[in-house]
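Read the structure below first, then the notes.
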2 protein chains.
Amino acid sequence: MANATPSSKSKAARMKEDTVVDLSAIRTTCQNCGLYKLCLPMGLAEGDMDKLDKVIKRRRKIEKGEHLYRMRDTFSTVYAIRSGSVKTYTSIENGSEQVTGFHLPGELLGLNAVSTKFHTDSAMALETTSVCEVPFDRLEDLTREIPSMQHHILHVMSEEIQSDHCQLMMIAKMPAEARLARFLLSLSNHFDNRGYSSSEFNLSMSRNDIANLLGLAVETVSRLFSHFQDQGLLTVERKHIVIHDMDGLMDVTTKCPSQPLPNDSSSNQAS
Amino acid sequence: MANATPSSKSKAARMKEDTVVDLSAIRTTCQNCGLYKLCLPMGLAEGDMDKLDKVIKRRRKIEKGEHLYRMRDTFSTVYAIRSGSVKTYTSIENGSEQVTGFHLPGELLGLNAVSTKFHTDSAMALETTSVCEVPFDRLEDLTREIPSMQHHILHVMSEEIQSDHCQLMMIAKMPAEARLARFLLSLSNHFDNRGYSSSEFNLSMSRNDIANLLGLAVETVSRLFSHFQDQGLLTVERKHIVIHDMDGLMDVTTKCPSQPLPNDSSSNQAS
DNA sequence: CCATGTTCTTGATCTGGATCAAATGAATAA
DNA sequence: TTATTCATTTGATCCAGATCAAGAACATGG
């Protein structure tokens, strides 16, 4: 659903109106979007692609600090990130907030609101960000026409659940240094998948946001960055990260204390 | 989690039936299952119910400690819990495990495996448990015939995501006593929804499992139970819990240190 | 340019909850 | 019945990481 590289004009001319006035000349479609492999189901037929293209409103631009949606907003739209980055977070009664994730181009946002009809988290751009908007009811109709599309939606949601479980385990069980190392490797991996350098990149989020996601204090995150640098694992200068020793970082990831004995099965037993 | 004190007998009677040996004669259908309101979409037409009934294999009985499925098993079936209770957990490379949830009658299990085609968590019965099995490919076909069914699947998954986010926030931000209080209130609430007493019930899971879910040590959980009892909030005797002061427990829930000032909006800003 | 507010870093302390240790209670098996 | 094993409780100690404090590096607006 995200279109990054505009090209085929002729096909686009047939398209319906979209909200952006002065970009109407540059009609991009899912077909020629460099990200479609990330946000669309594999193996869509040509005709199916066209159906999808008719449903999508393209290109909403969000400035840094602006919200894509806020908690309690009514849910009507799913977003595909085209460029930039977004953080999602929920806030609890008392006002404290919990960052639930950072999202990069190719990711689908907003699906977790399906059950409530209003958003239960907020999504804020960490930098200038552009997204494709997909009206959910239209998308839901489409899923009935295109089986692989339905499967894809389920796919995306189940991946979110799995990543949340992973995050849970991390916060509950891993020491601070392993959490940060994992976070950096996961970012590195995402960039790799998107064709960027996996060893050198800029963080678009603040130390505060990172700390929050990982369940740590800002000071701890800052100190860990310094420690990693002292150990020669990476170089960090404000937002700029260069990873020197990927394997070393990987090792930090698995440094968990009190590993149960290999033959420990007791914890698998019911009460 | 648990067989508690039934407040509505008719419902309880239905829950008990599957422990009896030869029930093959008594064909139950979704229509007359006391739990259908919990595990089925509302407003299914009569004909739709029949279609669903044809797809469902009823009544698989699982003994305490047995697995419904294990991590890495190929995914083919979704399970609806009829009676009993189940814990789900994932294990990481080094062997330590993370309990991701406890599941009560009416809940749907296994959907999070959709994206991977094999399970990424394991599900173990905490007591004798009976489930309905639903072949996923058949279910997926059904969703195309019954729109509200598709919506329901999405509903269930998005609820799971939301509850995971809640869990994340809890582990990352709340002190131990608030986590346990929340856990008990959530259990209480579930029992309430299923027609059981919300103030008196049995825990089907071990202290170890509770500690694991909440990201705490067993000793901490045990101590907290004692503290709560000393404060007169509840009585605990092994697995048996009687809540005396629901509001008091609620207060513990919100006892989070370092609440941001009410006008604190800085943390919502991007870096 | 300077003034003001943010974000990030570093150091010094403090503490919630983990870990270690040991006794008790329940459940299961012989 | 008595071992044996596992679950739970309680006490004593320890430590990873939070909190407090104070600069340093940037950013933003006048």
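Naming convention: chains lettered A, B, ... in sequence-line order (proteins, then strands); numbering from 1 in each chain.
- Here C:dG16 presents its P atom at 13 Å from CZ of B:Arg179, a figure rounded to the nearest Å.
- With sequence neighbours excluded, the residues forming a side chain to side chain contact (heavy atoms under 4.5 Å, CB included) with B:Ala176 are B:Leu216, B:Thr220, B:Leu224, listed by chain and number.
- When the P atom of D:dT8 is taken as reference, atom CG of B:Asn202 falls 13 Å away, rounded to whole Å.
- Summarising the geometry, the separation between NE2 on A:His240 and C1' on D:dC26 is reported as 18 Å, rounded to the nearest angstrom.
- Straight-line distance from the CD1 atom of B:Ile210 to the P atom of D:dT8: 8 Å, rounded to whole Å.
- The minimum heavy-atom distance between A:Ala113 and A:Phe118, with the atom names listed, is CB-O, 3.8 Å.
- Rounded to a whole Å, the CZ atom of A:Phe228 is 17 Å from the C1' atom of C:dC8.
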Just the table, please: protein N/O against nucleotides 9-11 of chain C N/O, every pair under 3.5 Å.
residue: C:dT9; atom: OP1; partner: A:Arg207; partner atom: NH2; Å: 3.2
residue: C:dT9; atom: OP2; partner: A:Arg207; partner atom: NE; Å: 2.7
residue: C:dT9; atom: OP2; partner: A:Ser222; partner atom: OG; Å: 2.9
residue: C:dT9; atom: O5'; partner: A:Ser222; partner atom: OG; Å: 3.0
residue: C:dT10; atom: OP2; partner: A:Ser226; partner atom: OG; Å: 2.3
residue: C:dG11; atom: N7; partner: A:Arg223; partner atom: NH1; Å: 2.7
residue: C:dG11; atom: O6; partner: A:Arg223; partner atom: NH2; Å: 3.4

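- In this structure A:Ser85 satisfies the side chain to side chain donor-acceptor pair (under 3.5 Å) test together with A:Glu127, A:Ser204, sequence neighbours excluded.
- Taking side-chain N and O atoms only, B:Lys239 has a distance below 4.0 Å to OP1 or OP2 of D:dT8.
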Which atom pairs, donor and acceptor, lie under 3.5 Å between side-chain atoms of residues 225-237 of chain A and protein residues at least two apart or in another chain?
residue: A:Ser226; atom: OG; partner: A:Ser222; partner atom: O; Å: 3.2
residue: A:Gln229; atom: OE1; partner: A:Val236; partner atom: N; Å: 3.0
residue: A:Thr235; atom: OG1; partner: A:His244; partner atom: NE2; Å: 2.4

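- Backbone-only engagement by A:Ala176 is indicated by non-hydrogen atom pairs under 4.0 Å involving sugar-phosphate atoms exclusively.
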N/O contacts under 3.5 Å, protein versus nucleotides 28-30 of chain C?
none

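- Rounded to a whole Å, the CE atom of B:Met205 is 11 Å from the P atom of D:dT8.
- For the side chain to side chain donor-acceptor pair (under 3.5 Å) test, residues two or more places apart in sequence or in another chain that qualify with B:Thr100 are B:Thr88.
- Scanning for side chain to side chain donor-acceptor pair (under 3.5 Å) contacts around B:Glu66 gives an empty result, with sequence neighbours left out.
- Taking B:Met71 as the reference, B:Ser91, B:Ser122 meet the side chain to side chain contact (heavy atoms under 4.5 Å, CB included) condition, with sequence neighbours excluded.
- In this view, B:Glu133 and B:Arg60 satisfy the side chain to side chain donor-acceptor pair (under 3.5 Å) rule, not counting sequence neighbours.
- Take B:His119 and apply the ring-ring contact (aromatic ring centres under 6.0 Å, His included) test, not counting sequence neighbours, and it matches B:Tyr69, B:Phe75.
- When each of A:Lys64, A:Glu63, A:Lys61 is tested with A:Thr128 by the rule side-chain hydrogen bond (donor to acceptor under 3.5 Å, both in side chains), just one qualifies, namely A:Glu63.
- An angle of 40°, rounded to 10°, separates the two end axes of the helix from C:dC1-D:dG30 to C:dA30-D:dT1, each defined over five pairs.
- Protein atom CG of A:Asn208 is 14 Å distant from nucleotide atom C1' of D:dA18, rounded to whole Å.
- Judged as a side chain to side chain contact (heavy atoms under 4.5 Å, CB included), and not counting sequence neighbours, the contacts of B:Gln162 are A:Ser115, A:Thr116, A:Thr120, B:Ser158.
- What separates NE2 of B:His227 from P of C:dG16 is a distance of 12 Å, to the nearest Å.
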